[in-house]
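Below you'll find the structure, written out as structure tokens, and then a few comments.
Start at 1 and go down the list; that is how both ligands and their atoms are numbered. One-based numbering along the sequence shown. Only this structure's heavy atoms are used, side chains among them; waters, hydrogens and symmetry mates stay out.
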Amino acid sequence: MLRQFFIALSRNKIVRRWAESSRLGLRMSSRFVAGTTEEQGIAATHTVNELGLSVTLDHLGENVTNADEARASAKSYHQMLDAIGTHALDANVSCKLTHLGFDVDAALCKELVTSLIDHAARVHSFVRVDMEGSPYTQRTLDLVKELHRGNGIGDAVGTVIQSYLRRSEADVEQLCAEKTRIRLVKGAYKEPPDIAFPKKADVDASFVKLMKIMLKSGVYHAIATHDERMIADTIAFADREKIPPDAFEFQMLYGIRRDLQEQLVREGWRMRVYIPFGTEWYPYFMRRLAERPANVWFIARNMLRK
Ligand code: FDA
């Protein structure tokens, strides 16, 4: 119920406008968002890198409504890639296609993403195309596959698979066959039961099944979860199959389970932290509350203490 409530709230324009322009909203979001500016995103990257963890930087935003906005977000990603190169950061970038104009002009979006991948390849970085709601799944996979095959820069792009989707096993098999790097997640959007498993137990079982296919594929994939059971199953499988710790990475979100992030690195596993920044933090923040409604009390308590 609460998950549905927060996901519905994530689409409310009035609350969004208030939250993103208020001091209170900004303070609340700081638990999961590194700041509103690129400098703050880069500063957080330095801090996380110093702890021995890699980073993926996300300039928050989605569903832009015109070509200028799409070009502006691409520009910001180019600046990030420049900063990654200049500061020799252990970082790559994550972007959403709808932030780069997917809904506005698919050809423009393709052009913008291609130039980002090209730039990432030049600075030895990487572009991860995040996965959005199910209306975008096929279109996203089609574009990523096309980009992965193209122009010798394909190794610098990968995408995301959501274990809650019933279709994901077939998608994982296909992406692995094409040697496309996958980030495996459970999935953060509201989806109907004919498309996605409604029960957590089925989503988790699917996650473990897909993780095993991915780790056996020999491609460098990412297992992105804060779920200790999923992590334990991944480690047990890697040990059993003699898959070395540098053959894949774990990923977690900024501000969530920092203890576990650092513990896994101490134990010799690779960890990448997803660091979001930007003024358009509201939908991202609401999805984090939807995943764990208890965060509302946690945030409120912390704010009262300050
Ligand atoms: P689950 O939700 O079962 O949580 C397991 C445990 O983790 C909880 O009991 C709690 O302890 C902790 N936890 C989980 N979420 C928390 C939160 N918000 N606050 C505090 N504790 C929390 N989704 C998507 O649809 N498309 C995408 O592209 C991405 N990208 C992405 C990148 C990275 C690096 C991560 C880690 C996640 C995503 N996601 C995503 C989000 C993902 O789909 C999923 O919603 C969250 O990771 C939460 O699921 P868990 O696997 O952590 O398990």
Which protein heavy atom lies closest to [atom], and at what distance to 0.1 Å?
| atom | value |
| --- | --- |
| atom 37 (C) of ligand 1 | Leu253 CD2, 3.8 Å |
| atom 6 (C) of ligand 1 | His226 O, 3.9 Å |
| atom 39 (N) of ligand 1 | Val185 CG1, 3.8 Å |
| atom 53 (O) of ligand 1 | Lys186 NZ, 3.2 Å |

Would you say the side-chain atoms of [X] pair up with the backbone N or O of [Y], donor to acceptor, closer than 3.5 Å?
| X | Y | result |
| --- | --- | --- |
| Ser125 | Ala121 | no |
| Gln261 | Ile256 | yes |
| Asn49 | Leu89 | no |
| Gln174 | Ala170 | no |
| Glu69 | Thr65 | yes |
| Tyr164 | Tyr189 | yes |

Pull out every atom of ligand 1 sitting under 4.0 Å from any heavy atom of [X], numbered as shown with elements.
| X | value |
| --- | --- |
| Gly187 | 25 (O), 42 (C), 43 (O), 45 (O) |
| Gln251 | 34 (C), 36 (C) |
| Val160 | 27 (C), 28 (O) |
| Gln162 | 24 (C), 25 (O), 26 (N) |
| Asp130 | 28 (O) |

Just go through [options] and tell me whose heavy atom is the nearest to [atom].
| atom | options | answer |
| --- | --- | --- |
| atom 50 (P) of ligand 1 | Ile231, Leu289, Thr225 | Thr225 |
| atom 32 (C) of ligand 1 | Arg31, Arg229, Arg183 | Arg183 |
| atom 27 (C) of ligand 1 | Met131, Glu291, Lys96 | Met131 |

Under 4.0 Å, heavy atoms only, figure out whether ligand 1 is touched by the backbone of Arg287, its side chain, both or neither. neither

Can you find an N or O of Ala188 that's nearer than 3.5 Å to an N or O of ligand 1? yes

State whether the shortest distance between N or O atoms of Tyr164 and N or O atoms of ligand 1 falls below 3.5 angstrom. no

Is atom 30 (N) of ligand 1 less than 4.0 angstrom from some protein heavy atom? yes

Is atom 46 (C) of ligand 1 close to the protein, meaning a heavy atom under 4.0 Å from it? yes

Could you check Thr137, Thr140, Thr98 and say which one makes a side-chain hydrogen bond (donor to acceptor under 3.5 Å, both in side chains) with Glu132? Thr98

Less than 6.0 angstrom separating the ring centers of Trp269 and Phe248, yes or no? yes

Quick one: sort the His99 and His59 rings into parallel, tilted or perpendicular, breaks at 30° and 60°. perpendicular

Using a strict cut-off of less than 4.0 Å between a Lys/Arg side-chain nitrogen and an Asp/Glu carboxylate oxygen, indicate whether Lys212 and Asp233 qualify as a salt bridge. no

